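See structure below.
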Protein chains: 4
Amino acid sequence: MVETGGIAADALRSLIERVERLEEEKKALADDIKDIYSEAKSVGFDVKIMRQIVRLRKMDENDRQEQEALLDTYTHALGMIRG
Amino acid sequence: MVETGGIAADALRSLIERVERLEEEKKALADDIKDIYSEAKSVGFDVKIMRQIVRLRKMDENDRQEQEALLDTYTHALGMIRG
Amino acid sequence: MVETGGIAADALRSLIERVERLEEEKKALADDIKDIYSEAKSVGFDVKIMRQIVRLRKMDENDRQEQEALLDTYTHALGMIRG
Amino acid sequence: MVETGGIAADALRSLIERVERLEEEKKALADDIKDIYSEAKSVGFDVKIMRQIVRLRKMDENDRQEQEALLDTYTHALGMIRG
DNA sequence: CTGCCATTTTACCGGC
DNA sequence: GCCGGTAAAATGGCAG
């Protein structure tokens with residue numbers, strides 16, 4: 001490990017603080033996102049579904065279809081019917 | 001609030017400890033479940049899909065279809081195609 | 001992937017059912033915990049406070065373990081062996 | 001439910017896009033953080049330790065706030081006002 | 001490629 | 001009965 005009492009300690013502190021600062025900003029954005037969902041909810045949208053939508057749009061189309069197919073396979077294997 | 005120095009304190013402690021004991025047991029069961037999924041994975045099953053299956057089986061059929069329908073509505077509204 | 005139309009279907013079903021059984025037990029424990037809180041409330045304790053206490057005690061424990069882990073990481077980084 | 005074939009579709013799209021924009025920014029910050037850790041590593045710091053430190057500092061903060069909250073709850077339960 | 005850790009999502013619970 | 005917040009579960013990403 002680098003020396004703990006000397007310049008390295010300062011460097012470490014500085015790096016840690018930069019991380020913490022960025023994490024705060026990240027938190028702020030997360031809060032903004034939550035606010036948007038609240039707003040959406042307040043005008044009658046279903047937040048859970050909206051989250052699903054965002055996830056689907058982010059997802060690669062091939063992956064999505066693969067997952068669907070696999071789910072089908074499993075449900076059939078168990079004799080479940082997916083309406 | 002009830003008296004903090006007296007019989008009530010003992011009662012409180014006892015209740016807290018009962019809760020903690022039960023939570024430990026709950027934790028143990030959660031670990032057991034994780035083990036089963038590990039085992040499943042090791043023999044080639046897709047854990048993520050298995051979890052989906054468990055969730056679907058737990059879910060009321062009506063709720064499930066409602067959610068599907070709502071997702072459809074939203075994706076159509078956005079011009080997305082759900083293959 | 002494992003065969004889905006063969007004996008694997010049985011294996012899958014068995015795994016799923018084991019999970020479901022454990023989840024039921026877990027649910028039962030959760031209910032027991034709720035009962036304790038109800039009981040506590042009925043004799044005059046403040047449930048919110050009790051939950052906070054349980055949470056804090058758990059956090060303290062986690063914190064302690066985390067400190068341990070950090071110390072561990074340090075000693076490893078320094079090539080030391082912790083007795 | 002809100003109308004899905006009408007102006008509401010536009011509102012939905014707008015909300016979704018706002019979320020997506022913010023998530024991109026969040027992702028960018030996450031990448032920045034990763035970069036800092038890379039940089040730290042390249043000058044000889046142990047990233048795992050650094051992450052633990054950041055986590056601990058955050059936990060301490062949370063813990064402190066939790067203690068505050070508990071005190072608050074107590075005082076409210078006692079009908080006291082905290083100056 | 002596997003296990004771990006962080007993030008994200010879901011479910012729950014008490015209060016209003 | 002809804003709503004907000006809090007804890008649990010699950011998903012995804014990273015390091016070794």
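Note that the structure is predicted; figures quoted are calculated from it, not measured. Below, chain A is the first sequence line, B the second, and so on; all start at residue 1. All values below come from the heavy atoms of this structure, side chains included, with hydrogens, waters and symmetry mates left out.
A 4.0 Å heavy-atom criterion places the boundary nucleotides of DNA chain E facing chain A at E/dT7 to E/dA11, written 5' to 3'.
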Problem set entry | Check against side chain to side chain contact (heavy atoms under 4.5 Å, CB included), C/D31 and C/K27 | CA-CA 6 Å; C/D31 289 344; C/K27 174 82 167 52; 3.3 Å; yes

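Taken to the nearest 0.5 Å, the CD atom of B/Q52 stands 10.0 Å off from the OG1 atom of A/T75. Atom-to-atom distance recorded for C/E17:CD and C/R13:CZ is 6.5 Å, nearest 0.5 angstrom. Distance CG/C/L12 to CD1/B/I49: 11.0 Å, rounded to 0.5 Å. To the nearest 0.5 Å, atom CG of residue C/L22 and atom CD1 of residue B/I36 are 4.5 Å apart. Taking CD1 from D/I53 and CD1 from A/I16, the interatomic distance works out to 4.5 Å, rounded to the nearest 0.5 Å.
Looking at heavy-atom distances under 4.0 Å, C/K27 makes no contact with the nucleic acid at all. Using a 4.0 Å heavy-atom cutoff across all strands shown, A/K26 reaches sugar-phosphate atoms only and no base atom.
Side-chain N or O atoms of D/S14 include none that pairs as donor or acceptor with a backbone N or O of D/D10 at under 3.5 Å.
With the end axes of the helix from E/dC1-F/dG16 to E/dC16-F/dG1 each set by five pairs, the angle from one to the other reads 10° at 10° resolution.
Under the 4.5 Å side-chain criterion, counting only non-hydrogen atoms from C-beta, B/D32 is in contact with B/L29.
Listed by first and then second residue, the salt bridge (charged side-chain N to carboxylate O under 4.0 Å, His left out) pairs that reach into residues 51-61 of chain D are A/E20-D/R57, A/E23-D/K58, C/E66-D/R55, D/E61-D/R64, sequence neighbours excluded. Contacts classified as side-chain hydrogen bond (donor to acceptor under 3.5 Å, both in side chains) and involving residues 35-48 of chain A (residues at least two apart or in different chains) are given here: A/E39-D/R18.
Judged by closest nucleotide on DNA chain F, D/E66 is the one of C/E23 and D/E66 placed further toward the 5' end. For the pair C/A30 and A/K58, both in contact range of DNA chain E, the more 5′-proximal nearest nucleotide belongs to A/K58.
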Exercise. In B/S/- notation, 5' to 3', how is nucleotides 11-16 of chain F contacted by protein heavy atoms closer than 4.0 Å?
Worked result: SS-S--

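Distance, D/N62 CG to F/dG5 P: 16 Å, rounded to whole Å. In this entry the distance linking OH of B/Y37 with C1' of F/dA8 reads 14 Å, nearest Å.
Applying the salt bridge (charged side-chain N to carboxylate O under 4.0 Å, His left out) test to A/D72 and every residue at least two apart in sequence or in another chain returns A/R82.
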